[in-house]
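Computed from a predicted structure; not experimentally measured. First the proteins, then the strands, lettered A, B, ... as listed; each starts at 1.
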There are 2 protein chains.
Amino acid sequence: MGQFLGEFEQLILLALLRLGEDAYGVSIRAEIEQRTGRDVSIGSVYTTLERMERKGYVRSAIGQPTPERGGRRKKYYHLAAGGQAALSHTLRAVRSMTEGLAPELVE
Amino acid sequence: MGQFLGEFEQLILLALLRLGEDAYGVSIRAEIEQRTGRDVSIGSVYTTLERMERKGYVRSAIGQPTPERGGRRKKYYHLAAGGQAALSHTLRAVRSMTEGLAPELVE
DNA sequence: GCATATATCTCACATTGTGGTACTAATATA
DNA sequence: TATATTAGTACCACAATGTGAGATATATGC
């Protein structure tokens, strides 16, 4: 369709917003798992991030090594303008379909 | 993943709730187009309804012919218990990821 | 019967979602 | 130096969802 996000894409972009400067694969996954109870495979996260980067929805930057017992460098992600727009459109669409419905149906 | 709905599936189930007794392919499509501005091909609607019926999310019943200049019988759909549950889970997941974020990011 | 209106069905292809496995790059310890 | 350990990312095949074009069906009006 262009312009509208899939369900998992939404969760990832929302995680970026929540995490701010600290958004990278592992923290994104943890944020979604903690807040939604859904269990998320780390592979899906990277795949989806990579696809959204190609579409211009997110941008990434490799971080510096941190002194916490080694490990590969983090790849930090942040929301790009196109991603913010797509997110807004998508949230608005669902919200407009929800408006006026009885709360017990929609909570 | 099971238990969580795709984006378009959500819109269709919400349309069922909005339309009540009058939910059938054409009216579902119209409701989504009018409220979201998104344009929806009628084929997607039927395909998605049929898949959700197989999963037990919706049920259908063939209507009687109506006297409005002919036409094929309508197939009315309504939300089943499993669909209501999946819808709630999905909406809740997005809502929990949205909570506390600045409104301008999330509206 | 034939025309026309309303509606559904089918199907191939595109996009998104998923999770297992492999790989890479850092520090620690010796 | 090298080996172990930890943290993190990349890859990839397959499944589920999304999409749209075109075909088909069933009603009424004449």
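The CD1 atom of Ile62(A) sits 12 Å away from the C1' atom of dT24(C) (whole-angstrom rounding). As rounded to whole Å, 13 Å separates atom C1' of dT18(C) from atom CD of Glu33(A). Rounded to an integer number of Å, the gap from CG of Leu13(A) to P of dT16(C) is 12 Å. In this structure, the CD atom of Glu68(A) is 15 Å from the C1' atom of dA28(C), given to the nearest Å. In this structure, Gln10(A) places its CD atom 15 Å from C1' of dT15(C), rounding to the nearest Å. Whole-Å rounding puts the Ile28(B) CD1 to dT6(C) C1' distance at 15 Å. Between Ile42(A) atom CD1 and dT21(C) atom C1' the separation is 14 Å, expressed in whole Å. Atom CZ in Phe8(B) sits about 14 Å away from atom C1' in dT15(C), given to the nearest Å.
Within the 4.0 Å cut-off from OP1 or OP2 of dT6(C), not a single side-chain nitrogen or oxygen of Arg73(B) is found. Listed pair Arg29(B) / dT6(C) fails the phosphate criterion, with no side-chain N or O lying under 4.0 Å from OP1 or OP2. A close approach under 4.0 Å does not occur between any side-chain nitrogen or oxygen of Lys55(A) and OP1 or OP2 of dT15(C).
If you check the side chains of Gln84(B) and Ser88(B), you find a donor sitting under 3.5 Å from an acceptor. Judged by distance alone, the side chains of Glu7(B) and Thr90(A) never bring a donor and an acceptor atom under 3.5 Å apart.
Nearest-nucleotide positions on DNA chain D for Pro65(B) and Lys75(A) put Lys75(A) closer to the 5' end. The residue among Thr66(A) and Glu7(A) whose nearest nucleotide of DNA chain C is located toward the 5' end is Glu7(A).
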Decide yes or no on side-chain contact (heavy atoms from CB on, under 4.5 Å) for Val106(A) and Leu14(B), but give the supporting numbers first. CA-CA 9 Å; Val106(A) 121; Leu14(B) 288 168; 3.8 Å; yes
Working for side-chain contact (heavy atoms from CB on, under 4.5 Å), residues Val40(A) and Leu11(A): CA-CA 11 Å; Val40(A) 172; Leu11(A) 297 180; over 6 Å; no
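The base of dC12(D) sits with one of its N or O atoms less than 3.5 Å from a complementary donor or acceptor on the side chain of Thr47(A).
Counting non-hydrogen atoms under 4.0 angstrom, Glu50(B) reaches nothing in the nucleic acid. The residue Arg69(B) sits close to a base: some heavy atom pair falls under 4.0 Å. Gly43(A) comes within contact range of at least one nucleobase, with a heavy-atom separation under 4.0 Å.
Here the nucleotide nearest the side chain of Glu9(A), chosen from dG19(C), dT4(C), dT16(C), is dT16(C). Side chain of Arg51(A), nearest nucleotide from dG20(D), dA10(D), dT16(C): dT16(C). Of the listed nucleotides (dA7(C), dA10(D), dT18(C)), dA7(C) has the atom at the smallest distance from the side chain of Tyr24(B). Taking the side chain of Lys74(B) as heavy atoms from C-beta on, and the options dC11(C), dT17(D), dA7(C), the nearest nucleotide is dA7(C). Closest to the side chain of Arg72(A), from the set dC23(C), dT18(C), dT16(C), is dC23(C).
For Arg95(A), the CZ atom counts as densely surrounded, since its 6.0 Å shell holds more than 12 non-hydrogen atoms of other residues, nucleotides or ligands.
We find the CD-OH distance between Gln64(A) and Tyr76(A) to be 9.5 Å, quoted to the nearest 0.5 Å. The CG atom of Leu79(B) lies 12.0 Å from the CD1 atom of Ile12(B); values are rounded to the nearest 0.5 Å.
Between His89(A) and Phe4(A), the angle of the ring planes lies from 30° to 60°, which puts this pair in the tilted group.
Residues from residues 79-87 of chain B lying near DNA chain C, meaning a heavy-atom separation below 4.0 Å, are absent.
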